Chemist: 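If you scroll down you'll find the structure; I have some questions about it.
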Amino acid sequence: MSFKVPRHKPKRPESDPFSGLQRFQFDDVTDQKQIDIGSYGLVKYGRYKPCGQPLSHDVVLKLPRDVTGNYEKEFAKEAKLLNSVKGHPNIVSFEAVSVNPFALMTEYVKFSFEPFEDQTSVSSLADFLSHVHSQYHVFSGFEHVVPAIAKDVANGLKYLHDNNIVHRDLKPANILVSNQHYTHMHGDELEFMWNYKPVVCKIADFGEGRSAIIQTQTLISSKVQTLDRGSPAYMAPEIFLPELQPQEATLEQLKAVDAWAYGMVLFVLVNPALRYPFQEELIKERSSNPFRSVEDSLKVILRRCQRPQCTSIYEVQQTTVWNTVLSLHESYTEFDISKRKSSMEDAISNLEGSLPLLCENINLPVSQATALEAQDYELAKKVSAGVSSSLSDMAVLNDATNACVFLALKVCDVLVSNGADNNRLKKIPQVATSVIANYPEEA
């Protein structure tokens, strides 16, 4: 009997899961302060000054609570997800990763109320809505911010989906808000930015995210054991209800799950008095069944195909300036996934028409004074030429005296008759010009 001579095969070194990522030394982050704690772990604020660099800047550190098992690969996955979408204005910017201890570093984002003589600063959309609701009566002065927030979040989610990335835990706590682009401004410059770009929103926290770029094709389909990630109040019924859960979900189906969560974010935007969707329904359900868990109570509500009900506090805004946002909430929270909108294109195009058009910044070729100015000019020419003028010559046939009334009625007629979409709103200057120039004389 002959035996084959054995050959030594050295074990291949394991590849570095953090290859291609910027690293940082944890001790280079000073003035660390805890700003949040959750099931994931700690979130800290700090000042980062790389070794040998003269300047430091504000950063956020995300430190996991549990680093056992296969955590290193999961942590590297989130870091690579963040790194792959770095640079988009509506996605939080990834800066670096630490492996001792494990920590993610991202940009520090905050919304300062100092321009409004309020010393408060917040970072998350959840805190922003809570503060404005409690400190500014019925969102007074902040009404136009809601459509702007909805549009920014849609832009960020569209970018993720276009890159075959699903978030799976979209909620106000995971959306950051900033106004640092105008806090240094004053006067007219500040007023202009507040009206036209009041906020910048950034999607954050990709701990539950999935990407076709990072995973192999066999992992694109999420197995049922990991489908029910995220926050229950923002979770789609086909994920939260066991009887509707598929054995595996494709990336396209998970995009529809993100769309449902986006729809629930829109609900909270137009109901800032509520901390989360279904809050009132859950209180009512649990009052009649006090021993039932929140999750089980929510399942009962979802099985009725029942959407969360709006509060009456913001009824005026919901039927006017926030109506588009409320309508989109309904489109993105269809219980039948085949009927549910999942593309963010519709949200972006519809919300474009909800952004403010300030009349004081619309340049009109005529005004109420146009006819009077023209008459004065003609009269001055006659006087200069020595031509005598009677009182009848001084009468102005079209002095636009009632132009404001006609203008308001005409604009209302246009909007009510045709619907206030973005294209028609943009025609207001032409409508106003025509009314001022012609209507008083025609009447």
Side-chain angles (χ1 to χ4, degrees), residues 36-39 122-140 142-143 145-147 149-150 153 167-177 201 203 205 208 228-241 244 257-319 321-335 340:
D36 195 15
I37 185 170
S39 58
V122 298
S123 288
S124 74
L125 176 57
D127 290 340
F128 174 86
L129 294 174
S130 175
H131 183 73
V132 177
H133 166 69
S134 64
Q135 299 299 319
Y136 299 85
H137 181 62
V138 291
F139 252 64
S140 179
F142 286 81
E143 297 91 344
V145 180
V146 167
I149 291 172
V153 178
H167 191 282
R168 299 210 306 172
D169 194 18
L170 190 68
K171 57 184 178 181
N174 290 340
I175 297 168
L176 306 181
V177 290
C201 293
I203 297 175
D205 200 340
E208 302 299 339
D228 56 343
R229 302 290 179 88
S231 303
Y234 296 87
M235 202 178 293
E238 67 270 16
I239 298 300
F240 194 57
L241 298 178
L244 297 182
V257 171
D258 273 354
W260 174 280
Y262 173 70
M264 288 302 170
V265 169
L266 298 184
F267 174 82
V268 174
L269 278 177
V270 298
N271 291 277
L274 301 178
R275 291 182 293 120
Y276 50 85
F278 300 107
Q279 180 177 323
E280 298 288 342
E281 290 79 5
L282 283 169
I283 291 172
K284 183 178 180 181
E285 187 66 32
R286 297 199 72 200
S287 66
S288 58
N289 297 276
F291 298 106
R292 182 181 286 161
S293 70
V294 173
E295 287 78 8
D296 286 342
S297 297
L298 184 57
K299 287 174 183 177
V300 171
I301 295 168
L302 290 176
R303 287 188 178 108
R304 298 188 196 124
C305 294
Q306 179 182 343
R307 284 198 182 96
Q309 296 299 304
C310 292
T311 62
S312 60
I313 300 174
Y314 291 97
E315 186 176 5
V316 173
Q317 291 89 336
Q318 290 160 1
T319 56
V321 288
W322 297 349
N323 183 252
T324 299
V325 179
L326 182 58
S327 297
L328 287 169
H329 151 69
E330 295 171 355
S331 299
Y332 285 103
T333 54
E334 281 284 353
F335 281 81
R340 185 186 311 155

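All residue numbers refer to positions in the sequence shown, counting from 1. Keep in mind that the numbers below use all heavy atoms, side chains included, and drop hydrogens, waters and symmetry copies. Not measured: the values here are computed from a predicted model.
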Chemist: If we ignore angles and hydrogens, is there a donor and acceptor under 3.5 Å between the side chains of S297 and N289?
Modeler: no
Chemist: Are P272 and V132 side-chain neighbours, meaning at least one heavy-atom pair lies under 4.5 Å?
Modeler: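 SC-SC contact between P272 and V132 ruled out.
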Chemist: Are L170 and I175 close enough, and set up right, to give a side-chain contact (heavy atoms from CB on, under 4.5 Å), and what steps lead you there?
Modeler: CA-CA 8 Å; L170 190 68; I175 297 168; 4.1 Å; yes
Chemist: Do the side chains of V265 and P172 get nearer than 4.5 Å, heavy atoms only?
Modeler: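 Touching, per the 4.5 Å side-chain cut-off.
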Chemist: Using every non-hydrogen atom in the two residues, find where P308 and P277 come nearest and quote the distance to one decimal.
Modeler: CG-CB, 4.3 Å
Chemist: Near E315 CD, under 6.0 Å, is it more than 12 heavy atoms from other residues, nucleotides or ligands?
Modeler: no
Chemist: Taking the side chain as every heavy atom from C-beta outward, state whether R307 and E334 have any pair of such atoms under 4.5 Å apart.
Modeler: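 Yes, their side chains come closer than 4.5 Å.
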Chemist: May I have the step-by-step check of side-chain contact (heavy atoms from CB on, under 4.5 Å) for L326 and C310, ending in yes or no?
Modeler: CA-CA 9 Å; L326 182 58; C310 292; 3.7 Å; yes
Chemist: Looking at N174, is its backbone amide N or carbonyl O close enough to the side chain of D205 to form a donor-acceptor pair, meaning the two atoms are under 3.5 Å apart?
Modeler: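 No.
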Chemist: Is there a side-chain contact between H167 and I203 in this structure, where contact means two heavy atoms from C-beta onward sitting under 4.5 Å apart?
Modeler: yes
Chemist: Quick check for you: to the nearest 0.5 Å, what is the distance between F142 atom CZ and H131 atom NE2?
Modeler: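 Here the interatomic distance stands at 7.5 Å.
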Chemist: Can you check whether R168 reaches V257 side chain to side chain, under 4.5 Å on heavy atoms?
Modeler: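 With C-beta onward as the side chain, the pair stays apart.
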Chemist: Output, in order, the C-alpha distance, side-chain angles, deciding distance and verdict of salt bridge (Lys or Arg N to Asp or Glu O under 4.0 Å) for R340 and E238.
Modeler: CA-CA 12 Å; R340 185 186 311 155; E238 67 270 16; 2.8 Å; yes
Chemist: Taking all non-hydrogen atoms of both residues, which atom of K284 and which atom of S287 are closest, and how far apart?
Modeler: O-OG, 2.6 Å
Chemist: Verify whether the ring centers belonging to W260 and F240 lie closer than 6.0 Å.
Modeler: no
Chemist: Listed by chain and number, what are the side-chain hydrogen bond (donor to acceptor under 3.5 Å, both in side chains) partners of Q318, not counting sequence neighbours?
Modeler: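 For Q318 the side-chain hydrogen bond (donor to acceptor under 3.5 Å, both in side chains) partners, ignoring immediate neighbours, are N271.
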Chemist: Quick check: do Q279 and I283 have side-chain heavy atoms less than 4.5 Å from each other?
Modeler: yes
Chemist: Can you classify the ring geometry of H133 versus Y314 as parallel (below 30°), tilted (30 to 60°) or perpendicular (above 60°)?
Modeler: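 It falls in the tilted class, 30° to 60°.
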Chemist: Hey, could you give me the CG/CZ distance between L241 and F335, rounded to the nearest 0.5 Å?
Modeler: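 If we round to the nearest 0.5 Å, L241:CG and F335:CZ are 9.0 Å apart.
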Chemist: How close do S124 and V177 get, heavy atom to heavy atom, and via which atoms?
Modeler: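 Taking every non-hydrogen atom into account, O-CG2, 3.8 Å.
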Chemist: For side-chain contact (heavy atoms from CB on, under 4.5 Å), just list the numbers for L269 and L125, CA-CA rounded to whole Å, side-chain angles, deciding distance to a tenth of an Å, and then say yes or no.
Modeler: CA-CA 9 Å; L269 278 177; L125 176 57; 4.1 Å; yes
Chemist: With sequence neighbours excluded, give me every ring pair (Phe, Tyr, Trp, His ring centres under 6.0 Å) pair touching residues 262-287.
Modeler: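 For residues 262-287: Y262-Y332, F267-H329.
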Chemist: Using only atom types and a distance under 3.5 Å, with no angle test, would you say the side chain of E285 pairs donor to acceptor with the backbone of E281?
Modeler: no
Chemist: Looking only at atom types and distance, does a side-chain atom of S327 sit under 3.5 Å from a main-chain N or O of N323, one as donor and one as acceptor?
Modeler: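 Such a contact is found between S327 side chain and N323 backbone.
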Chemist: Could you give me the CA-CA distance, side-chain angles and deciding distance for E280 and L274, then say whether side-chain contact (heavy atoms from CB on, under 4.5 Å) is met?
Modeler: CA-CA 8 Å; E280 298 288 342; L274 301 178; 3.6 Å; yes
Chemist: Quick check: do D169 and Y234 have side-chain heavy atoms less than 4.5 Å from each other?
Modeler: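 Not touching, per the 4.5 Å side-chain cut-off.
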Chemist: Mind listing the closest non-hydrogen atom pair of L282 and L298 along with its distance?
Modeler: CD2-N, 3.7 Å
